Amino acid sequence: VTDRTSNSATIGCTTDTAGGTLYWYVSTSATAPRAADLKAGTGSVDFGNLVPTLGANTAAVTGLSASTGYYPYWIQETAS
């Protein structure tokens, strides 16, 4: 997590495969969501997806509160 302000942040992950879909999900729970919930955004504070590049990938998160702890989760699906 970088560039955190009172209501936004940038989250990131590193992938070893480009292409497919990289889903991101931000929650107030330390328990990881089920894959289907992560992809649908069920129960998230903010979520989305992108086409990943090889290496570092980032997403801008909004709707945060300054005094709340958040947990980012990621899942990647690649074309076969």
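All residue numbers refer to positions in the sequence shown, counting from 1. Here the structure is a predicted model, which is why all the values come from computation and not from measurement. Only this structure's heavy atoms are used, side chains among them; waters, hydrogens and symmetry mates stay out.
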Closest heavy-atom pair, Y73 versus S27, reported as atoms and distance to 0.1 Å, is CE1-CB, 4.1 Å
Note: W24 and A60 closest approach over all heavy atoms is CH2-O, 3.7 Å
* L38 side chain near F47 side chain, heavy-atom distance below 4.5 Å -> no
Correct closest heavy-atom pair for G20 and P52 would be O-CD, 3.6 Å
* Asked: Under a 4.5 Å cut-off applied to non-hydrogen side-chain atoms, are V61 and P72 in contact?
  -> no
Minimal heavy-atom distance between L54 and T15, with the atoms involved, is CD1-O, 3.7 Å
Checking the side chain of Q76 only, and the main-chain atoms of A18 only, is there a donor and an acceptor separated by less than 3.5 Å? no
T17 and T78 have their tightest heavy-atom pair at CG2-CG2, 3.7 Å
To the nearest 0.5 Å, atom CD1 of I11 lies from atom OG1 of T58 at 9.0 Å
So side chain to side chain donor-acceptor pair (under 3.5 Å) across residues 31-40, not counting sequence neighbours, yields R34-D37, K39-E77
Across all chains, not counting sequence neighbours, the side-chain contact (heavy atoms from CB on, under 4.5 Å) partners of T28 are V45, T68, Y70
Here the gap from T14 atom OG1 to N57 atom CG, rounded to the nearest 0.5 Å, amounts to 7.5 Å
| said: What I'd like to find out is whether the side chain of I75 reaches to under 4.5 Å of the side chain of Y25, using heavy atoms alone. | reply: no
